[in-house]
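First up is the structure itself, then whatever we jot down about it.
A, B, ... follow the sequence lines: proteins, then strands. Residue 1 opens every chain.
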Number of protein chains: 2
Amino acid sequence: MKPETDELERRIQRFECELRQAGVKLTHQRLEICREIAGAGDHPDAESIFKGVRARVPTISLDTVYRTLWTLLDLGLINTLGIPQERMRFDGNTALHHHFVCTRCGEARDFYSEDFDKLQVPTCVQTYGVVNKIQVEVRGLCLRCAPTTDP
Amino acid sequence: MKPETDELERRIQRFECELRQAGVKLTHQRLEICREIAGAGDHPDAESIFKGVRARVPTISLDTVYRTLWTLLDLGLINTLGIPQERMRFDGNTALHHHFVCTRCGEARDFYSEDFDKLQVPTCVQTYGVVNKIQVEVRGLCLRCAPTTDP
DNA sequence: CTACATGCAAAGGGTTTGCACGACA
DNA sequence: TGTCGTGCAAACCCTTTGCATGTAG
């Protein structure tokens, strides 16, 4: 699950390069946070990244971790599981359907697709646990959030 | 987006029937919360369900809404967007991949599938906004949470 | 009648913010 | 050296919990 050493170095290089291009200062803290998330095989929350980095940078604070993660997210260098900055939301539609999710504002729209409904789980995934359903998540920007909408 | 009237009634019937079967009392509040979420075309959060129900049941409290929603979720009568009870989690893997998500504990594991990578967005969805990527979410229970693991 | 559900209010936990100090460029 | 980033602590918001009262079965 953890990336190979060379893949890890490639990711870190990319972080540094893109941060520099974006005019973001490469502080000791930011570099260590990048290293931590680049090397994480699972999908850590802010707290566990904080703990990992604190082993190397004892004075780091949790809010710096948050601020750095949102920066990386803005630049598209990392992703979130689920929808960023969102409270829990409920879906009363129990029929099989799929979602278009705006990664900026969190708007989620249902859609139906017989092709997607037919998807089969790869055999390797069946060893992960009991599969309940397969849902396709189309991620992007909704019309309100897409840059072209804003003249 | 909102369900047709007969589909709405069917959903409400199902809620009542399943709640009764589960031995959950059909209080005025619960029935109105069911009606609210059954009729919601979008994916409301607890607060907006609360507001909708409060128009008809002015004395209802937000915690009752939460408690009812978790009950409905336990019974599989509704779903959540994203992972229930979860804090925000980050993904340093920017390569195209897919997720197996445990809906109970929130564990999320990556997997790769060339078939899934090739999925094409239905044309109707392209009118929703700008598509960034397509990710398949396999939902189920991980080995730790699956009932059979617990003897 | 009795067990379970509700409303209230206060606690809890994750995330954000204002401000003065510190460090990259 | 100037500007941006950091650490601290308090604020903020969503969600949960304890307890006395109310109500469905």
Atom CZ of A:Arg87 and atom C1' of D:dT16 are separated, to the nearest Å, by 17 Å
In whole angstroms, the gap separating C1' of C:dA11 from CG of B:Leu62 amounts to 15 Å
Between B:Cys142 and B:Glu107 the two heavy atoms that sit nearest each other are SG-OE1, 4.3 Å
Sorted by chain and residue number, the side-chain hydrogen bond (donor to acceptor under 3.5 Å, both in side chains) partners of B:Thr64 (sequence neighbours excluded) come out as B:Ser61
Exercise. Return the orientation label for the A:His97 and A:Tyr112 ring planes: parallel under 30°, perpendicular over 60°, tilted otherwise.
Key: tilted
Which word best sums up how the rings of A:Phe111 and A:Phe116 line up, parallel for under 30°, tilted for 30 to 60°, or perpendicular for over 60°? perpendicular
The answer to which of B:Thr64 and B:Arg89 contacts DNA chain C further toward the 5' end, by nearest nucleotide, is B:Thr64
Table of protein N/O atoms under 3.5 Å from nucleotides 18-25 of chain D N/O atoms:
unit_1: D:dG25; atom_1: OP1; unit_2: B:Leu26; atom_2: N; d: 3.3

Between CD1 of A:Ile49 and P of C:dG14 the distance, given in whole Å, is 14 Å
To the nearest angstrom, the CH2-P distance between B:Trp70 and C:dT6 comes to 16 Å
Task: Joint cluster assignment, B:Val65 & B:Leu75, ILVMFWY side-chain distance < 4.5 Å - done: yes
- Message: Checking the side chain of B:Arg87 only, and the main-chain atoms of A:Ala46 only, is there a donor and an acceptor separated by less than 3.5 Å?
- Response: no
Under a 4.0 Å heavy-atom cutoff, the residues of residues 30-44 of chain A touching DNA chain D are A:Arg30
At less than 4.0 Å, is any side-chain N or O atom of A:Thr59 found next to OP1 or OP2 of D:dG7? Yes or no. yes
Between CD of B:Gln29 and P of C:dC4 the distance, given in whole Å, is 17 Å
Original post:
In terms of heavy-atom contacts, does NZ of A:Lys133 have more than 12 from other residues, nucleotides or ligands at under 6.0 Å?
Top reply: yes
Taken to the nearest whole Å, CE/A:Met88 to C1'/D:dT16 is 14 Å
From CG of B:Asp45 across to P of D:dT16 the rounded distance in Å is 13 Å
Rounded to whole Å, CG of B:Leu72 lies from C1' of C:dA5 at a distance of 14 Å
- Query: Is B:Thr80 reaching over with its side chain to a backbone N or O of B:Ile83, donor-acceptor style, under 3.5 angstrom?
  - Reply: no
Checklist line | CZ/A:Arg35: more than 12 non-hydrogen atoms of other groups inside 6.0 Å | finding: no
